Each structure stands twice: as structure tokens, then as C-alpha cells.
Protein chains: 2
Amino acid sequence: MTLSEEDYIKAIYHLGKGENTTVSTNAVAEQMETKPSSVTDMIKKLSDKGVANYKPYKGVSLTEYGQKIALSLVRKHRLWEVFLVENLNFSWDEVHEVAEQLEHIKSEKLVDQLDKHLGFPQVDPHGDPIPSKKGEFKKTIKKLLNEVPVGTSGICVGVKDSSTPFLKFLDKNDISLGDTVLVMEKEEFDGSLNIKIKEKIIHISNQIAANLYLKITE
Amino acid sequence: MTLSEEDYIKAIYHLGKGENTTVSTNAVAEQMETKPSSVTDMIKKLSDKGVANYKPYKGVSLTEYGQKIALSLVRKHRLWEVFLVENLNFSWDEVHEVAEQLEHIKSEKLVDQLDKHLGFPQVDPHGDPIPSKKGEFKKTIKKLLNEVPVGTSGICVGVKDSSTPFLKFLDKNDISLGDTVLVMEKEEFDGSLNIKIKEKIIHISNQIAANLYLKITE
DNA sequence: ACAAATATTTAGTTTTATCTAAATATTATT
DNA sequence: AATAATATTTAGATAAAACTAAATATTTGT
């Protein structure tokens with residue numbers, strides 16, 4: 001199997017969790033199911049092309065230019081996933097393999113028009129954010145207090161507070177982190193608000209709202 | 001540039017005009033902008049795989065299996081062209097290059113669903129027919145007499161008759177072969193019929209209808 | 001800080017697609 | 001039918017990606 005430069009760029013990007021950290025030769029080799037020596041060869045080449053920063057024995061990271069390429073691939077991948085689910089009856093767990101191929105198609109007009117055709121979606125079918133043409137992510141995790149517009153729905157995630165009253169509140173309302181869907185219903189002047197969980201509307205205080213975080217899905 | 005097996009299959013198919021004729025090594029080389037010796041190497045390989053029939057010095061043709069692959073590529077290419085024009089605001093003269101990439105994407109479900117999404121189109125934006133999943137073409141060139149349903153539009157093409165009255169008829173009605181658009185309006189029991197040409201409806205005899213051929217575009 | 005374990009690179013080999021140039025086969029011309 | 005022109009194949013060279021195994025650097029554990 002012959003791997004493309006784009007495949008290497010993606011691997012470096014994903015191993016660095018999109019944060020442009022340095023990743024090791026072995027990590028890249030393992031991820032790509034190839035040998036470390038092959039990775040060394042390729043990252044030297046990527047370095048020559050100005051796509052990656054490579055210091056022998058110190059690992060690789062992407063240059064700004066390399067990141068742009070990676071983000072463009074992520075953008076294309078996720079837009080195609082939306083297309084497959086919304087227009088071609090794919091389910092969210094079927095799309096990855098095909099999007100993996102489609103993301104390599106080269107045409108700026110194609111991507112721009114696809115984006116427009118889909119109504120400029122912010123997230124893919126897995127809820128992952130779609131970077132803009134310029135490579136920027138919309139912030140998808142927001143504090144319930146003051147940051148979430150009425151009508152928005154999302155999933156409860158990571159909570160700062162672990163005090164007894166707060167955990168009791170979660171328990172009482174059947175909220176489990178990572179999978180409970182919330183809809184913002186109404187917001188009061190004092191920051192307290194109404195949310196809908198599992199068809200029931202409940203009122204929560206501003207104090208609790210300040211500690212609940214929502215991963216926006218729509 | 002490194003050419004894929006699929007690229008070779010396409011070249012052989014197109015040079016043979018889709019009729020599975022034998023094509024020469026040099027013709028393939030010229031079409032693909034590569035050297036004859038490279039072609040020899042590849043067609044040997046295709047022959048080993050059961051995709052092509054190769055007799056040294058006698059040229060290549062596709063096996064039945066090879067033809068299936070070629071038709072599947074044509075099908076994908078043309079479906080994607082329809083998609084680009086109908087859904088993504090491409091014009092018909094912009095689509096080729098992108099479709100050239102998209103046709104290599106491998107997913108049966110993708111093609112089936114795309115076909116469905118587009119409403120099972122019969123022709124691409126250039127008016128070329130789209131083969132079915134089984135590799136069959138709908139006949140797109142039909143005799144005006146008895147073969148064309150009311151409402152159908154198409155382009156006047158190849159005429160059998162070259163008698164003076166017939167040519168006079170064409171001239172009088174401003175019909176030029178290859179680009180005049182016709183719409184079938186009404187058909188009489190005796191085979192004479194009304195057609196619309198350039199916003200004018202004219203009546204033609206069954207004799208003339210038997211000699212006019214229409215390339216269906218819609 | 002040293003030795004052992006692990007990670008990375010280098011050197012040299014293999015594979016594959018391509019090319020050039022020479023050799024051979026086919027086709028065209030007289 | 002013989003020769004010239006053209007087409008095709010073969011043999012061997014080059015380039016690129018990937019591998020193995022050995023060499024070298026870094027990290028870990030005591």
C-alpha cells in the first residue's frame with residue numbers, strides 16, 4: 001500500500017489532537033500501519049516541502065501551511081459526511097470509509113458549493129465541528145449560563161463542579177454526562193433558565209447553569 | 001505521474017468507442033501521454049488479471065469483466081456530472097475534471113443512492129447516456145416515427161434520407177442536424193405528427209417522420 | 001550516573017512504474 | 001516480393017516508496 005502525503009499530514013494532525021503538538025515517529029508509524037523508517041523518510045520530505053517541522057529524534061509537528069492542509073481535509077471529510085447522511089440515506093456509522101476517499105478530491109468550487117448546498121452546517125453527523133474555509137472552528141462547547149441561545153439543543157458534557165448538591169441535582173433530573181440531550185427553552189434576566197430534558201421542562205438556577213456545559217449539536 | 005489500472009481501462013474503452021474493438025498500443029500511449037513500452041507493461045498486467053485480452057503486436061481489447069469495470073466508471077462519471085450541474089451550480093463545461101476524480105470513489109451504496117437522489121437520470125449534462133447498474137444503455141437515438149413519446153425533447157441527428165424534397169423540408173423549417181432542438185407535441189393515428197421547433201409548431205408527414213432521428217436529451 | 005530498554009535513524013535491498021534505446025515484428029510502397 | 005517506414009516489444013536503467021537489519025540516540029529505572 002502506497003500512502004499519500006495527505007495521509008501522513010492527517011495522521012500527524014490527529015495524533016496531535018488538532019493542537020499542533022509534536023508527535024513521535026513511532027506513533028505515526030503505528031497509526032498508519034507502516035514502519036518507523038518509512039515515516040522518517042516521509043517526514044523529511046514533508047519538512048523539505050514546508051509542510052512539517054522535523055528535528056531528528058525529536059518528532060514532527062505541522063507548519064502553519066501543513067495545518068491548513070490538515071484542516072482543509074477535516075473540513076472536506078466532515079462536509080461529505082453530512083452530505084452522505086442528509087442526502088444519500090447513509091447512517092452516521094457508515095460514512096467514515098467513503099468520506100475518507102472523498103476528502104481527497106481537489107476542487108475549491110466543489111467544497112464551497114457543497115457547503116452551500118448543505119446549508120453551511122456547523123457539525124458533522126457525529127457532532128464534530130466543521131472548520132470554516134479559513135480553518136476556524138465554531139466553539140461548540142458552551143456554558144449553559146449566558147452562552148446558549150434559546151432553541152439550541154446539545155449534549156451535557158464535562159462539569160466543573162463536583163459538589164454534593166450539584167451531583168444530587170444531576171441525579172434527580174436523570175442527567176448523565178455525555179449522552180443526555182438538552183434543549184434550551186427560556187432564559188430569565190437573572191440567569192436562571194428552563195431547559196427541556198426527555199420531554200420534561202425543568203427550571204434550573206443560575207448557579208447550576210454556570211456549571212453545566214453543553215456540546216452544541218444543532 | 002503514476003497512472004492507475006482504471007485509467008488504462010478507461011482509455012482502452014474510449015478508444016474502442018465503447019464497442020470493445022481492439023486498440024493499438026501506440027493509440028493508448030498517445031491518449032494517455034505515456035510511452036508505448038509503458039503501455040505494453042501495463043496491458044500485460046491487465047491481461048494477467050483477466051481484465052484485458054492481449055496478443056503481442058495485435059493490440060488490446062477488454063474482456064467482459066474489463067468492460068464491466070469501464071461501464072461502471074462511465075456510469076459514475078456521468079452521474080457525478082449530473083450531480084455537479086443540478087445540485088452544485090456547476091456549468092456543463094466545468095464538470096469534467098472533477099468528475100474525473102469522483103469516478104474513482106469506491107462504494108456501491110454511494111452510486112446507487114446518488115442515482116436515486118438524482119431521480120435516475122438517463123443522460124448527463126452533455127446529453128450522453130448513463131449506463132444502468134448492469135451496464136446497459138437506454139437507447140437515446142430514436143426514430144421520430146412511432147418511437148418518441150409526446151413531451152420528449154431532443155436534438156435532430158443523422159438522417160438516412162438525402163432526397164431533394166427531404167432536404168428542402170429541413171431547410172424550409174430551419175432544421176440543422178446536430179443542434180436543433182425538437183419537442184414532440186402530438187402524434188396522429190397515421191404516424192404524421194406535430195413538433196415544436198424554435199417556438200413554432202409544425203406538422204410533418206409520416207414519411208418525413210420515418211427519416212428524422214432524435215437524440216433524446218430529457 | 002550508569003545500564004538496560006526503547007525509540008529513531010541510516011544504509012542498503014526490494015518492488016513497481018516509468019523511461020530510453022535497441023531489437024524485432026508488422027505494414028506500406030514500389 | 002523486397003525494401004522502407006512504422007509499430008511494438010524487450011532489455012536494461014532510473015526513480016520513488018517501502019522494507020529489513022544494523023547503528024545510533026534518547027529515555028527509564030535503579
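Just so it is clear: chains get the letters A, B, ... in the order the sequence lines come, proteins before strands, and each one is counted from 1. As the structure is a computational prediction, the values presented were derived from the model and not from experiment.
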Legend entry - Polar contact flag, side-chain donor to acceptor under 3.5 angstrom, A:Ser4-A:Asp7: yes
Legend entry - Separation of atom CD1 in A:Ile43 from atom C1' in C:dT10, rounded to whole Å: 14 Å
Legend entry - Considering all heavy atoms, the nearest A:Ile130-A:Val82 contact: CD1-CG2, 3.9 Å
Inset, instruction - Of all the heavy-atom pairs spanning A:His104 and B:Gln101, show the shortest one and how long it is. - result: O-OE1, 4.2 Å
Legend entry - N-O pairing of A:Lys76 and A:Glu6 below 4.0 Å: no
Inset, instruction - Ignoring hydrogens and angles, state whether a donor on the side chain of A:Asn26 or A:Ser24 is under 3.5 Å from an acceptor on the partner side chain. - result: no
Legend entry - Side-chain donor-acceptor contact under 3.5 Å, A:Glu81 with A:His126: yes
Inset, instruction - Going 5' to 3' through nucleotides 17-28 of chain D, assign each nucleotide B (protein heavy atom under 4.0 Å from a base atom), S (under 4.0 Å only from sugar-phosphate atoms) or - (no protein heavy atom that close). - result: SSBB---BSS--
Validation: residues 58-68 of chain B side-chain donor-acceptor distances under 3.5 Å, sequence neighbours left out:
| from | atom 1 | to | atom 2 | distance (Å) |
| --- | --- | --- | --- | --- |
| B:Ser61 | OG | B:Asn53 | ND2 | 3.3 |
| B:Thr63 | OG1 | B:Gly50 | O | 2.7 |
| B:Thr63 | OG1 | B:Val51 | O | 3.0 |
| B:Thr63 | OG1 | B:Tyr65 | N | 3.4 |
| B:Thr63 | OG1 | B:Gly66 | N | 3.0 |

Inset, instruction - Grab the CD-P distance between B:Glu30 and D:dT6 for me, whole Å please. - result: 14 Å
Legend entry - Taking every non-hydrogen atom, the tightest pair across B:Asp115 and B:Pro121: OD1-CD, 3.7 Å
Inset, instruction - Can you sort out which residues in residues 20-29 of chain A have a heavy atom within less than 4.0 Å of DNA chain C? Ascending by number, please. - result: A:Ser24, A:Thr25, A:Asn26
